[in-house]
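Written out below as structure tokens is the structure these notes cover.
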Amino acid sequence: MLLYLKGVEITISRKMNLESLDESKKYRVGAYSARYVRKTRDKGIPKYEFPEEGMSPRAAYQLVHDEQSLDGNPFLNLASFVNTWMEPEADKLVMENISKNIIDIFEYPQTSRVIHHNIVNMLGRLFNGHHTDFVGTSTAGSSEAIMLGLLAHKWNWKKSGGQGTDKPNIIFGNDAHVCWDKFARYFDVDARKVPIDKDKRTITAEAVAERIDENTICVGCVLGTTFTGEIDPVKDINDLLLEYKKEKGWDIPIHIDAASGGFILPFTEPDFEWDFRLERVKSVNVSGHKYGLTYPGLGWLIFRNKSDLPEDLIFHVNYLGEMEDSYTLNFSGGSAMVAAQYYNFLRFGRAGYTGIMKKILDVSQDLARKVDSLGRFEMLNKGERLPIIAFRQKEETGYSLLQLSHKLRERGWIVPAYCLPENAADIEIMRIVVRENFTPDMASIIVEDLEKACQFLENGTESGTEKPCPSEKEMAHIC
């Protein structure tokens, strides 16, 4: 059950009141339940209570499979950054490691120590940490990585005695991922959010300067903003923080949210400085399950230096036979995606990742040109640096982009439409994320479907389509 809060759906499940619920809604009846499941002819399988009896594996599979039949097609999901396909050899490794808990280093030392260690080293150097003493860890995703990175920066601020008596604060754009707000609320930090501009949809050094003070624990910069996929001016903000350190002694770090861009820019723009080449960049997160090309459930957090991760936050645990260090918000975690990430690094190398990412960018730019050629939309992002395109309507129409999104869903395409945040909330946009599985042919098809959907919403029919019901004279009668 989805809980509705001020018109927004959130995935927090609530208790179902079975006493007031209609009997027909208490039970799940599959298409073949009467064949495979005993005692279901009258009612079915209880939805909200443990079933009294089990069932055959075939029946359980069919019921779950049927329950998911209305889910969207992951290949046509252009809303998500999350990777949806891996090679058969990677799938085999995933299944071989699906039962391993990565926290069990005594039981699975090669995975937990060697492979994990190797990946962190590869990432630290990918982010140009050759001259640093970097450390890092895997996480459940970039949200956990961001919270852990920011927690370390808050702790360092606290250990230094703070610079003043006010509440600590953090600065980031109001188009950042919700996990930044979660960190501020969960860890009692004042969120000083920079509103985006209608024309320039990133934070700026000037806007950061207006909000910064001696209690700022960190400034957040994003490579691939959530709403429009743009890149914050990291070097400008780095230079600003260097000035504050020199003039006022404020040692304020930058955390880079590279969830989307961290596996693209090192290969497509290796000379672009956003990483540990910049002095104030102290931590970076990246999503393995996005353009790192694994399945969902993997993020990475890399600190510039060991000293950027306070020793106080590392738990040294004697667990299942061996001492281990733990810096996570949870404890247990899967090994499968770590193994899959290692497979990708070995399988593709720098040359392979470079080729894949450049190909994805080629497709995203081709798609942007095709959408632009319709003449209906103003392009906000043409997928030139990251494979994300965003656009708005050029002129007022009798329908919203959200309606257009629902119309495209009839063809299977999942394309999000939403309004930008504060200061630009009157602008409704569509965003398409191009992943490796999205081909030039698919780009042509979706643009054609986009045009047909617009025509239908304008005229009630698509261009070139005949009326659905022919006249009596046109009908052929079959005996």
Side-chain angles (χ1 to χ4, degrees), residues 146-147 149-185 187-259 261 265 272-285 303-304 308 380 385 420-425 427:
I146 288 168
M147 291 194 196
L150 300 182
L151 179 60
H153 297 316
K154 180 186 178 184
W155 206 265
N156 284 328
W157 172 87
K158 179 181 177 182
K159 282 182 63 179
S160 69
Q163 304 295 328
T165 58
D166 292 337
K167 183 177 180 179
N169 66 77
I170 184 170
I171 300 172
F172 56 90
N174 69 344
D175 59 342
H177 192 276
V178 67
C179 63
W180 289 80
D181 289 289
K182 283 185 177 181
F183 168 80
R185 187 174 301 178
F187 294 98
D188 196 27
V189 175
D190 182 26
R192 297 186 175 178
K193 295 192 282 186
V194 179
I196 65 171
D197 186 86
K198 289 185 178 182
D199 299 316
K200 186 174 180 59
R201 292 167 296 278
T202 64
I203 65 173
T204 64
E206 293 76 18
V208 170
E210 293 172 1
R211 291 162 176 81
I212 204 166
D213 64 23
E214 66 272 19
N215 293 302
T216 300
I217 65 169
C218 183
V219 177
C221 295
V222 183
L223 303 186
T225 56
T226 300
F227 285 85
T228 56
E230 298 181 62
I231 298 171
D232 287 334
V234 185
K235 193 172 188 307
D236 292 348
I237 294 170
N238 176 80
D239 293 344
L240 172 73
L241 297 182
L242 286 174
E243 290 179 17
Y244 276 109
K245 183 178 181 182
K246 180 179 179 181
E247 296 176 4
K248 300 189 177 185
W250 298 350
D251 191 14
I252 300 172
I254 294 175
H255 176 88
I256 301 292
D257 179 359
L265 294 168
F272 172 50
E273 294 186 348
W274 60 270
D275 49 22
F276 295 133
R277 285 170 289 187
L278 301 179
E279 182 181 326
R280 302 317 302 158
V281 174
K282 298 294 185 178
S283 55
V284 176
N285 70 273
F303 289 98
R304 180 189 192 91
D308 294 316
L380 304 181
R385 302 186 69 189
L420 295 179
E422 183 183 355
N423 272 28
I427 298 177

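Quick caveat: nothing in here was measured; it's all calculated off a predicted structure.
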Are any of the side-chain heavy atoms of Thr225 and His177 separated by less than 4.5 Å?
no
Give the C-alpha distance, both sets of side-chain angles, the deciding distance and a yes or no for side chain to side chain contact (heavy atoms under 4.5 Å, CB included) between Lys245 and Trp250.
CA-CA 5 Å; Lys245 183 178 181 182; Trp250 298 350; 5.9 Å; no
Would you say Asp175 and Thr226 are linked by a side-chain donor-acceptor pair, where the criterion is simply a distance under 3.5 Å?
no
Mark yes or no: Arg280 above the aromatic ring of Tyr244, with NZ or CZ under 6.0 Å from the six-membered ring centre and no more than 45 degrees from the axis.
no
d(Glu279 CD, Ile254 CD1) to nearest 0.5 Å is 10.0 Å
Output yes when a side-chain donor or acceptor of Arg192 lies under 3.5 Å from a complementary backbone atom of Ile170, and no otherwise.
no
Gap separating the NE2 atom of His153 from the CG atom of Asp251, nearest 0.5 angstrom:
10.5 Å
Shortest non-hydrogen contact between Asn215 and Lys167, atoms and distance:
CB-O, 3.8 Å
Minimal non-hydrogen separation, Ile256 against Val281, with atom names:
CG1-CG1, 3.7 Å
Just wondering, do Ile427 and Lys198 contact through their side chains at under 4.5 Å, heavy atoms?
yes
Student check: side-chain heavy atoms of Thr204 and Ile237 closer than 4.5 Å:
no
Should Trp180 and Leu150 count as side-chain neighbours, where that means a heavy-atom distance under 4.5 Å?
yes
Side-chain heavy-atom pair Val208, Thr216 within 4.5 angstrom cut-off
no
Do Arg201 and Leu380 have side chains that approach each other closer than 4.5 Å (heavy atoms only, starting at C-beta)?
yes
Are Leu241 and Ile212 packed together at the side-chain level, in the sense that at least one heavy-atom pair is separated by less than 4.5 angstrom?
yes
What pair of heavy atoms forms the shortest contact from Gly220 to Asp232, and how long is it?
O-OD2, 4.3 Å
Roughly how far apart are Leu151 CG and Ser283 OG, rounded to 0.5 Å?
11.0 Å
Taking every heavy atom of Asn174 against every heavy atom of Ile196, the minimum-distance pair comes out as OD1-N, 3.2 Å
When you look at Asn238 and Glu273, which way does the side chain to side chain contact (heavy atoms under 4.5 Å, CB included) test go after all the steps?
CA-CA 10 Å; Asn238 176 80; Glu273 294 186 348; over 6 Å; no
Apply side chain to side chain contact (heavy atoms under 4.5 Å, CB included) to the pair Ile252 and Ile171, showing each step before the final yes or no.
CA-CA 11 Å; Ile252 300 172; Ile171 300 172; over 6 Å; no
Between Asp239 and Lys235, does any NZ, NE, NH1 or NH2 come within less than 4.0 Å of an OD or OE carboxylate oxygen?
yes
Nearest heavy-atom approach of Val284 to Ala258 is CG1-CB, 4.1 Å
Using atom types as modelled and distance alone, determine if a side-chain donor or acceptor of Lys154 lies under 3.5 Å from a backbone N or O of Phe187.
yes
Just checking, is any N or O donor in the side chain of Asn423 or Asp197 under 3.5 Å from an acceptor N or O on the other one?
no
Side chain proximity check, Met147 to Lys182, heavy atoms < 4.5 angstrom
yes
Enter the distance from Leu278:CG to Arg304:CZ here, rounded to the nearest 0.5 Å.
8.0 Å
Between Asp257 (side chain) and Ile146 (backbone), is there a donor-acceptor pair under 3.5 Å?
no
Gap separating the SG atom of Cys179 from the CG atom of Asn285, nearest 0.5 angstrom
7.5 Å
Taking Asp190 first and then Arg185, would you say they form a salt bridge - that is, a charged N and a carboxylate O separated by under 4.0 Å?
no
Please report the interatomic distance CZ(Phe172) to SG(Cys221), rounded to the nearest 0.5 Å.
12.5 Å
Nearest heavy-atom neighbours spanning Asp188 and Pro168:
O-CG, 4.2 Å
